[in-house]
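Working notes for the structure below.
Remember, it's 1-based here, ligands and their atoms both numbered in the order they're listed.
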Amino acid sequence: MNDPTQSRSVEKACLECGQRGRPVPATTLEALVSTPALTALRDHTGFRFCANPLCDTAYFRAQTGERVPRGMVKVRIGQKETEPPIPVCYCFGFSAEQIEADVHRTGTSPIPEIIREKCRQGLDRCERTNPQGRCCLGNVRAVLARAGAGGQTRKDESRSRCCDEGVEE
Ligand SMILES: [Zn+2]
């Protein structure tokens with residue numbers, strides 16, 4: 001280990017597109033990667049998720065040069081899809097279109113609060129349902145903002161104690 005800062009940033013860069021990816025738990029790969037691709041991997045730890053819409057890679061591990069293309073992931077990856085329905089919340093089945101329809105009709109959407117309430121009840125299974133391996137609320141907020149509900153998003157929502165927060169970047 002010579003320069004830990006540099007080697008860490010290399011570990012974070014997608015092997016295909018170079019965009020920084022966030023770590024995903026082994027359970028996410030085990031739940032969502034198709035069996036042939038999964039068995040081809042040495043083990044399932046230390047992978048990161050590439051959210052770049054233009055990149056074909058879903059998961060990569062720079063240290064071993066391994067990558068899992070999106071075609072080997074069993075669910076549609078919302079960040080990489082352009083055709084509706086674009087999944088946003090995998091645990092409770094909400095799409096970007098549902099949130100956008102709410103915003104167009106009422107100026108906001110109850111969906112983030114519905115998701116938060118279900119998370120509070122411990123009903124979320126993000127690690128095994130969401131290809132990014134973590135809570136969807138950040139993505140939900142992004143859809144809300146894009147749909148024009150920016151003014152409706154309360155500050156305290158971003159500090160919710162959901163699994164969305166406090167994960168290493
Ligand atoms: Zn990539």
**Study point:** pair Leu144-Ser109: side-chain heavy atoms closer than 4.5 Å
**Key:** yes
Practice item. Drop me the distance from Thr27's OG1 to Glu127's CD, to the nearest 0.5 angstrom. Key: 3.5 Å
Check your understanding: With Gln79, which residues qualify under side chain to side chain contact (heavy atoms under 4.5 Å, CB included), at least two apart?
Key -> Phe49, Ala51, Ile77, Gln132, Asn139
Exercise for review: May I ask you to test the Asp43-Arg61 pair for a side-chain heavy-atom distance under 4.5 Å?
Suggested key: yes
Review point. Tell me, do Ile114 and Phe92 make a side-chain contact under 4.5 Å, heavy atoms counted?
Key: no
Review point. Around the Zn ion (ligand 1), how many protein N, O or S atoms are closer than 2.8 Å?
Key: 4
Check your understanding: Between Arg70 and Glu81, is there a salt bridge with N-O shorter than 4.0 Å?
Key -> yes
